Structure formats: C-alpha cells, structure tokens
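See structure below.
Keep in mind that the numbers below use all heavy atoms, side chains included, and drop hydrogens, waters and symmetry copies. Since we're looking at a predicted model, the values are computed, not measured.
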Amino acid sequence: IEATNAQVAAFLAATSHGRTTFSFSILPGVLRMTRDKAFYNASANSSGQLQTDAAVLAKAYDAANGGTGAFDPDKYDRWIVLFKRMPAYAFGGQAQLTGPQVRMNGNINPGTTYHELGHTQGLSHSHYWIPAGPVATGPGTHLEYGDPFDAMGRSGSSANNHFNVSQKDRLGYLPAEAITSVTTSGTYRLHRHDHADASGLRALRFSPAGLGYDLWVEHRRFAPTAF
C-alpha cells in the first residue's frame, strides 16, 4: 500500500505540473465489518453501504486511539477503502465523481488508484472518437476508455500516462499560454506536455462550428508501458 501511495502521489504531482499534491495516512490495522461478506456480495450495488459501514468503524477506531482525527475519514479530502475481493462487484476500483470516496475491490495498484482519484476530481473517462466517415469532424461515436495514452482511458499502470490536455485544461493544470484555440490556418510548434516541468505551447484546441465538441491536439514523448 505504501509503495502504491508513493507512486500515486508522484504521478499526480507530475501530471498536474505541481498543482496537485497528495499525502496519505494508512489506518494501521484491518477493520472487521459488522456485516458478513455474504451481505455485501448479495448485491452488485452494495459498495456504497460497504464504504459507509467502513467509515463508522474507522471513526470508532480513531476515537479509541486518541481521538485525534488521524483516522477519521471526514478529516480528509479523499478516503480509500480497500477490501477483500467481492465477486458481485464488476469493478476493480470505483469512485464518487467529484466526491471524496474511493473503493478498491481486492487489490490496490497505482494505475487504478490515480484513475479513480481522477474521478474524484471531476474527470470522466478519456474516450476515443471513431468517425463514421473519412472526416474526423463528422458523425461518429465515442469508444469508452478509448484513449490509449491517458490514465483516464485504457492505458496501463505507468507514470507515462499523463491525463490528456483536455483533462488537464479542465482541472486548471495548464496555464492560458499553454493552449492555443486555432481559428485560422498556420504553423504551430507544439511542446510535449507529459513531463512535470513541461512548458511552452502544449495544446491546440479546435472548435468546429456545429460539431458540439472540441478537438484537441497534443504531443507526448513517452508512451504507456501497457495498453
């Protein structure tokens, strides 16, 4: 767990260019739930109840160990519950969108953890656009998890898979001068964005009339170690 936390903190510091930092506290023990595994495993929708029950136990543990708030989930911006694998749950990780809760089903690894923490920051999945014809700005469909380079897509667990520039813009990770909205033809020099100390122009945004969404161009120097 400590090794995962260190990698998650390093990833988020890098992909945010120093704008998001994490420090972790680990409850030094295993909490025994008051309900048995069969209760939660009886429904694929019980994970919220599991996390609520875990919070009650964590608060009790905190009160019995000095009452400092060190293990009170309400004292933290984010809190993660790692539990023994529940077959009824289809997910490896689950998070509240813009909320503090994260659930890890039977395992905790860096890629899944910072993916779920991305959801708590308000990020949706990074998709892949599949045009229905030869023109990228025409009709098409989004492929869920389709972006192979982004931690919010389907890239593997790697420090290389920074959030894409659209996601970084949404979180305020890119300054105004790092983004150019393209309205006329021209030549642009685009710098990499997948480094903690990246600088310069890192994103081109196109907003075709009537399309209903923006197109982004980015440059990466690294690729994920797995897809």
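- Val56 and Met33 fall into different hydrophobic clusters, defined by Ile, Leu, Val, Met, Phe, Trp and Tyr side-chain heavy atoms under 4.5 Å apart, directly or through other members.
- The two residues Leu143 and Ile130 come nearest to each other via the heavy atoms CB-CD1, 4.0 Å.
- Between the side chains of Ser166 and Asp169, no donor-acceptor pair is found at a separation under 3.5 Å.
- A donor-acceptor contact shorter than 3.5 Å links the side chain of Thr113 to the backbone of Asn109.
- One N or O on the side chain of Gln167 and one on the backbone of Ser124 form a donor-acceptor pair closer than 3.5 Å.
- Atom CG of Asn5 sits about 7.5 Å away from atom CD1 of Ile1, to the nearest 0.5 Å.
- Distance alone, capped at 3.5 Å, places no donor-acceptor pair between the Lys168 side chain and the His162 backbone.
- The line from CG of Leu97 to CG of Leu123 is 8.5 Å long, rounded to the nearest 0.5 Å.
- Residues meeting the side chain to side chain donor-acceptor pair (under 3.5 Å) test with Tyr40, sequence neighbours left out: Asp53.
- For the atom pair OG1 (Thr4) and CZ (Phe11), the distance works out to 14.0 Å, reported to the nearest 0.5 Å.
- Atom OG1 of Thr120 and atom OH of Tyr114 lie 14.5 Å apart (nearest 0.5 Å).
- Between Ser46 and Gln51, the closest side-chain pair of non-hydrogen atoms is not below 4.5 Å.
- Side-chain atoms of Ser207 and Tyr213 include no donor-acceptor pair closer than 3.5 Å.
- The 12-atom threshold is not exceeded at CG of Asp77, counting heavy atoms of other residues, nucleotides or ligands nearer than 6.0 Å.
- Residues passing the ring-ring contact (aromatic ring centres under 6.0 Å, His included) test with His125 are His115, His119, Tyr145, sequence neighbours excluded.
- Leu50 and Val102 fall into different hydrophobic clusters, where Ile, Leu, Val, Met, Phe, Trp and Tyr residues are linked whenever their side-chain heavy atoms come under 4.5 Å apart, directly or through other members.
- Remark: the Asn164 side chain and the Asp150 side chain contain an N/O donor-acceptor pair separated by less than 3.5 Å.
- When each of Arg202, Arg192, His193 is paired with Glu218, the side chain to side chain contact (heavy atoms under 4.5 Å, CB included) condition holds for His193 and for no other.
- Looking at residues two or more places apart in sequence or on another chain, you find a ring-ring contact (aromatic ring centres under 6.0 Å, His included) between His142 and His127, Trp129.
- Under the ring-ring contact (aromatic ring centres under 6.0 Å, His included) criterion, Phe71 pairs with Tyr61, not counting sequence neighbours.
- Checked against ring-ring contact (aromatic ring centres under 6.0 Å, His included), Tyr89 has the following partners two or more places apart in sequence or in another chain: Phe83, Phe91.
- For the pair Thr15 (side chain) and Leu12 (backbone), a donor-acceptor distance under 3.5 Å is absent.
- When every heavy atom of Leu215 is checked against every heavy atom of Pro208, the shortest pair comes out as CD1-CG, 4.2 Å.
- By the criterion of side-chain heavy atoms lying less than 4.5 angstrom apart, applied directly or through intervening Ile, Leu, Val, Met, Phe, Trp or Tyr residues, Leu31 is not grouped with Ile108; the two fall into different hydrophobic clusters.
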Could you tabulate the donor-acceptor pairs under 3.5 Å formed by side-chain atoms of residues 178-191, not counting sequence neighbours?
| residue | atom | partner | partner atom | Å |
| --- | --- | --- | --- | --- |
| Ser181 | OG | Arg205 | NE | 3.3 |
| Ser181 | OG | Arg205 | NH2 | 3.2 |
| Tyr188 | OH | Thr184 | O | 3.3 |

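- Asp147 and Ser126 share no side-chain donor-acceptor pair at under 3.5 Å.
- With contacts defined as side-chain heavy-atom distances shorter than 4.5 Å, the pair Ser47/Gln101 does not qualify.
- Between the CG atom of Leu27 and the CG atom of Leu82 there is a distance of 11.5 Å, given to the nearest 0.5 Å.
- In this structure, Lys75 does not pair ionically with Asp62, as no charged nitrogen and carboxylate oxygen lie closer than 4.0 Å.
- Between His17 and Leu174 there is a side-chain heavy-atom pair separated by less than 4.5 Å.
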Yes or no on side-chain contact (heavy atoms from CB on, under 4.5 Å) for Asn160 and Phe149, after CA distance, side-chain angles and deciding distance?
-> CA-CA 8 Å; Asn160 296 339; Phe149 301 102; over 6 Å; no

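- Closest non-hydrogen pair, Pro131 versus Val135, comes out as CB-O, 3.7 Å.
- Checked by atom type, the side-chain pair Tyr76/Ser25 shows a donor-acceptor distance below 3.5 Å.
- For the residue pair Thr20 and Gln121, the shortest heavy atom distance occurs at OG1-NE2, 3.7 Å.
- The structure places CZ of Arg35 at 14.5 Å from CG of Asn41, a figure rounded to the nearest 0.5 Å.
- Val8 and Leu171 fall within a single hydrophobic cluster, where Ile, Leu, Val, Met, Phe, Trp and Tyr are joined by side-chain heavy atoms under 4.5 Å apart, directly or via other members.
- Phe22 and Val81 are not part of a single hydrophobic cluster, where members link through side-chain heavy atoms under 4.5 Å apart.
- Taking all atoms of both residues into account, the shortest heavy-atom contact from Gln7 to Pro110 is OE1-CG, 3.5 Å.
- Contact detail for Ala55 and Trp79: the closest heavy-atom pair is CB-CH2, 3.5 Å.
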